[in-house]
Student: 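One structure follows; several queries about it will come next.
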Amino acid sequence: MPNTTIYHIDVNSAFLSWSADYFLREHMTDTDIRTIPAVIGGDESMRHGIVLAKSTSAKKFGVKTGEPLIRAREKCPGLKVFPPNHKLYTQRSREFITLLKSVAPKVEQYSIDEAFCDMSGTENLYGNLVDYADSLRERIYRELRFTVNIGVSVNKLLAKMASDFEKPDKTHTLFPEEIPAKMWPLPVRELFFVGKSTEKKLRTLGIRTIGDLAACDPALLSSHFHKQGLTIWNYANGRDLESVTGHDSANKGYSSETTLAADMTDPETAKIILLSLAETVAARIRADKAYISVVGVTLVTCEFEKYSHQKSLFSPTNITEEIYHTAVELFAQMWKKEPIRLIGLSTSKATSDQTYQYDLFHKDQYERLSKLNSALDSIRDKYGSGAVKRACFLKEED
Ligand SMILES: [Mg+2]
């Protein structure tokens with residue numbers, strides 16, 4: 001057994017599965033909608049009514065997540081469409097993460113229905129960690145009534161690739177020695193972060209499978225894809241640079257990012273994501289009693305293009321609102337209205353002393369925000385990070 005063991009845990013058809021359980025519990029249907037051709041879909045009266053989640057039997061008709069509902073209905077006559085219930089999903093997501101935190105030393109939530117767990121060092125507690133992944137899956141089903149896939153490996157990339165193998169309700173391993181058999185035969189588009197245009201370019205270079213990419217000369221990739229060339233080459237060889245960050249260590253600058261489950265094209269959603277990132281980052285800065293004076297925003301498009309903008313602040317800060325407003329300003333300057341896959345918020349030039357010059361906020365406003373922020377931090381310390389949420393997270397959308 002390797003020293004590091006990472007799980008990637010992914011709820012199967014999360015929205016559909018959470019709604020199915022809700023309908024049964026509330027006696028709204030007799031049928032488990034997981035067992036019939038059904039989807040959760042956005043508002044059909046709007047142009048962008050799309051499939052948000054699908055049942056296994058809808059999948060058999062070729063229904064795909066992200067496609068317009070009209071097309072899904074053509075493929076699958078009699079398809080049942082149910083509206084999303086975001087309040088329910090937030091609640092179920094919280095229960096999922098809480099259960100994981102009760103068993104794993106480090107949990108990093110990756111999206112509403114996915115998380116990484118660093119299980120290293122828990123063998124004495126749980127025994128063989130591949131077997132334990134099966135027990136954990138069973139426990140999640142027993143206590144929360146939905147199924148998950150668990151990918152087990154030595155890093156986040158391989159664990160994530162593994163959880164995406166056959167679904168639903170399965171544990172898969174992808175240890176380094178299994179890469180040639182399990183990962184290299186897959187088409188290159190299945191590699192994390194390879195989008196359609198990258199796939200097309202790779203095909204012109206004769207690269208079709210992840211194995212082709214792994215065997216390729218990294219210099220060739222760099223010349224066609226710049227820095228990203230090396231990243232995807234490392235991925236294809238099973239190398240991942242990140243570890244699970246249960247908590248960030250100090251003095252590195254503070255940053256956080258979110259890879260989105262679906263491409264983001266709407267600035268209001270971007271603002272909510274930036275606020276959530278600003279909350280996370282600013283709380284870490286304050287926990288270290290630090291201040292930062294540079295804020296940066298990074299966007300990665302669905303075509304894998306990455307760009308960043310940053311701005312120096314007039315004075316060092318650790319106030320959520322100030323970091324958030326700067327990030328929104330940067331986002332507005334840089335976003336070219338293309339679909340976004342990843343949003344990152346970074347800060348740098350951390351110091352421990354602060355000479356605040358009250359430019360963005362007046363002195364009393366600053367002091368009020370500062371007090372509010374530390375009050376929120378202590379509530380979160382005591383009751384968990386979900387205890388206090390900004391009003392915009394609580395807004396009901398349906
Ligand atoms: Mg999922």
Side-chain angles (χ1 to χ4, degrees), residues 108-112 114 116 155-157 160 191-198 221-222 224-235 239-245 247-285 288 290-313 316-350 390:
E108 185 182 318
Q109 183 162 7
Y110 185 68
S111 71
I112 192 160
E114 287 170 77
F116 290 102
N155 65 36
K156 282 162 66 169
L157 171 82
K160 183 157 168 65
L191 185 64
F192 184 58
F193 242 5
V194 170
K196 267 196 193 130
S197 83
T198 309
L221 293 169
S222 298
H224 287 273
F225 301 97
H226 311 290
K227 225 176 121 191
Q228 278 69 37
L230 209 55
T231 308
I232 56 173
W233 179 75
N234 273 315
Y235 284 173
R239 284 187 290 268
D240 186 7
L241 308 170
E242 272 181 281
S243 59
V244 176
T245 57
H247 234 75
D248 252 9
S249 57
N251 299 327
K252 287 193 307 189
Y254 301 80
S255 62
S256 186
E257 62 181 38
T258 296
T259 304
L260 307 163
D263 291 337
M264 192 279 308
T265 49
D266 135 51
E268 288 312 305
T269 307
K271 280 189 188 171
I272 294 173
I273 294 164
L274 286 171
L275 178 55
S276 146
L277 294 173
E279 294 266 17
T280 311
V281 169
R284 284 190 210 142
I285 300 170
D288 285 344
Y291 301 86
I292 55 85
S293 49
V294 173
V295 174
V297 171
T298 297
L299 301 178
V300 177
T301 69
C302 64
E303 301 297 356
F304 199 39
E305 253 180 280
K306 179 176 181 172
Y307 49 102
S308 307
H309 276 209
Q310 59 175 49
K311 187 186 173 184
S312 291
L313 302 175
T317 188
N318 60 15
I319 300 277
T320 303
E321 285 76 1
E322 195 171 3
I323 294 170
Y324 166 67
H325 285 298
T326 311
V328 168
E329 195 186 310
L330 287 167
F331 178 81
Q333 286 164 11
M334 66 198 285
W335 186 45
K336 299 175 209 142
K337 305 214 161 33
E338 69 280 69
I340 296 297
R341 273 290 273 286
L342 176 148
I343 301 185
L345 192 160
S346 61
T347 63
S348 55
K349 296 240 166 98
R390 301 270 157 181

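All of these numbers come straight from a predicted model, not from anything done at the bench. One is the number of the first residue; the rest follow in order along the sequence.
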Student: Kindly determine whether Thr280 and Tyr254 satisfy side chain to side chain contact (heavy atoms under 4.5 Å, CB included), including the steps that lead there.
Tutor: CA-CA 9 Å; Thr280 311; Tyr254 301 80; over 6 Å; no
Student: Partners of Trp335 by ring-ring contact (aromatic ring centres under 6.0 Å, His included), sequence neighbours excluded?
Tutor: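 Expected list: Phe331.
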Student: Just by modelled atom types, is the Arg239 backbone N or O under 3.5 Å from a matching donor or acceptor in the Asn234 side chain?
Tutor: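 Such a contact is absent between Asn234 side chain and Arg239 backbone.
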Student: Using the salt bridge (Lys or Arg N to Asp or Glu O under 4.0 Å) rule, collect all pairs that involve residues 329-338, keeping only residues at least two apart or in two chains.
Tutor: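 Non-adjacent pairs meeting salt bridge (Lys or Arg N to Asp or Glu O under 4.0 Å): Lys311-Glu329.
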Student: Please identify each residue that fulfils side-chain hydrogen bond (donor to acceptor under 3.5 Å, both in side chains) with Gln109, with sequence neighbours left out.
Tutor: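 Gln109 satisfies side-chain hydrogen bond (donor to acceptor under 3.5 Å, both in side chains) with Ser93 once adjacent residues are dropped.
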Student: Who pairs with Tyr110 by ring-ring contact (aromatic ring centres under 6.0 Å, His included), at least two apart in sequence or on another chain?
Tutor: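 Tyr110: ring-ring contact (aromatic ring centres under 6.0 Å, His included) contacts with Phe116.
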Student: Between atom CD1 of Ile292 and atom OG1 of Thr347, what is the distance when rounded to the nearest 0.5 Å?
Tutor: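 Those atoms lie 5.0 Å apart.
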Student: Do you know the tightest heavy-atom contact between Arg284 and Ser255?
Tutor: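 That closest heavy-atom pairing would be NH1-O, 2.9 Å.
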Student: Tell me the ring pair (Phe, Tyr, Trp, His ring centres under 6.0 Å) pairs involving residues 262-285, sequence neighbours left out?
Tutor: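 Listed once each, the pairs would be none.
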Student: Over all heavy atoms of both residues, which pair between Leu342 and Gly344 is shortest? Give the atoms and the distance, please.
Tutor: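 It is CD2-N, 4.0 Å.
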Student: Hey, could you give me the CD/CD distance between Glu321 and Glu279, rounded to the nearest 0.5 Å?
Tutor: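 Rounded to the nearest 0.5 Å, the CD-CD separation comes out at 7.5 Å.
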Student: Test of understanding: with side-chain hydrogen bond (donor to acceptor under 3.5 Å, both in side chains), list the residues that count as partners of Ser197, not counting sequence neighbours.
Tutor: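 Once residues adjacent in sequence are excluded, the partners of Ser197 under the side-chain hydrogen bond (donor to acceptor under 3.5 Å, both in side chains) criterion are Glu303.
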Student: I'd like to know whether Thr326 forms a side chain to side chain contact (heavy atoms under 4.5 Å, CB included) with Val297, so could you lay out the CA-CA distance, the side-chain angles of the two residues, the decisive distance to 0.1 Å, and finally the verdict.
Tutor: CA-CA 9 Å; Thr326 311; Val297 171; over 6 Å; no
Student: Quick one: list whatever passes side-chain hydrogen bond (donor to acceptor under 3.5 Å, both in side chains) with Ser348, sequence neighbours left out.
Tutor: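 Applying side-chain hydrogen bond (donor to acceptor under 3.5 Å, both in side chains) to Ser348 gives none.
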Student: Output the distance between atom CD (Glu322) and atom CG (Leu313), rounded to the nearest 0.5 Å.
Tutor: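 Interatomic distance, Glu322 CD to Leu313 CG, rounded to 0.5 Å: 5.5 Å.
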Student: Listed by chain and number, what are the side chain to side chain contact (heavy atoms under 4.5 Å, CB included) partners of Ala282, not counting sequence neighbours?
Tutor: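 Ala282: side chain to side chain contact (heavy atoms under 4.5 Å, CB included) contacts with Arg286, Thr320, Ile323.
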Student: Under 3.5 Å, side chain of Asn318 to main-chain N/O of Ile285, donor-acceptor pair present?
Tutor: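 No, Asn318 side chain to Ile285 backbone: no donor-acceptor pair under 3.5 Å.
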Student: Specify the closest pair of heavy atoms between Ser222 and Leu230, including all atoms of both residues, with the distance to one decimal.
Tutor: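 Here Ser222 and Leu230 meet closest at OG-CD1, 4.3 Å.
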Student: Measure from the side-chain N and O atoms of Ser276 to the backbone N and O of Ile272, and report whether any donor-acceptor pair falls under 3.5 Å.
Tutor: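 Side chain of Ser276 to backbone of Ile272: no pair is present.
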Student: Can you tell me how far apart CG (Leu277) and CG (Leu345) are? Round to the nearest 0.5 Å.
Tutor: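 Reported value, rounded in 0.5 Å steps: 5.5 Å.
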Student: Taking all atoms of both residues into account, what is the closest heavy-atom pair of Pro316 and Ser293, and its distance?
Tutor: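 What the structure gives for the nearest pair is CA-CB, 4.1 Å.
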Student: Taking only residues two or more places apart in sequence, or in another chain, which ones meet Lys306 in a salt bridge (charged side-chain N to carboxylate O under 4.0 Å, His left out)?
Tutor: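 Partners of Lys306 by the salt bridge (charged side-chain N to carboxylate O under 4.0 Å, His left out) criterion come out as none, since no residue qualifies.
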Student: So, taking the atom named CD1 in Ile273 and the one named CD in Glu257, what distance separates them when rounded to the nearest 0.5 Å?
Tutor: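 Atom-to-atom, Ile273:CD1 and Glu257:CD are 12.5 Å apart.
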Student: Can you list everything that forms a side chain to side chain contact (heavy atoms under 4.5 Å, CB included) with His226? Sequence neighbours excluded, please.
Tutor: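 By the side chain to side chain contact (heavy atoms under 4.5 Å, CB included) rule, His226 matches no residue at all.
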Student: Once side-chain hydrogen bond (donor to acceptor under 3.5 Å, both in side chains) is applied, do any residues pair with Thr298, and if so which ones, sequence neighbours excluded?
Tutor: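 Only Ser308 meet the side-chain hydrogen bond (donor to acceptor under 3.5 Å, both in side chains) criterion with Thr298.
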Student: Quick one: side chain to side chain contact (heavy atoms under 4.5 Å, CB included) partners of Thr231, sequence neighbours excluded?
Tutor: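 Checked Thr231 against side chain to side chain contact (heavy atoms under 4.5 Å, CB included); matches are Tyr235.
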Student: Quick check: does any side chain N or O of Thr258 sit under 3.5 Å from a backbone N or O of Ile343, one acting as donor and the other as acceptor?
Tutor: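 No; zero donor-acceptor contacts below 3.5 Å.
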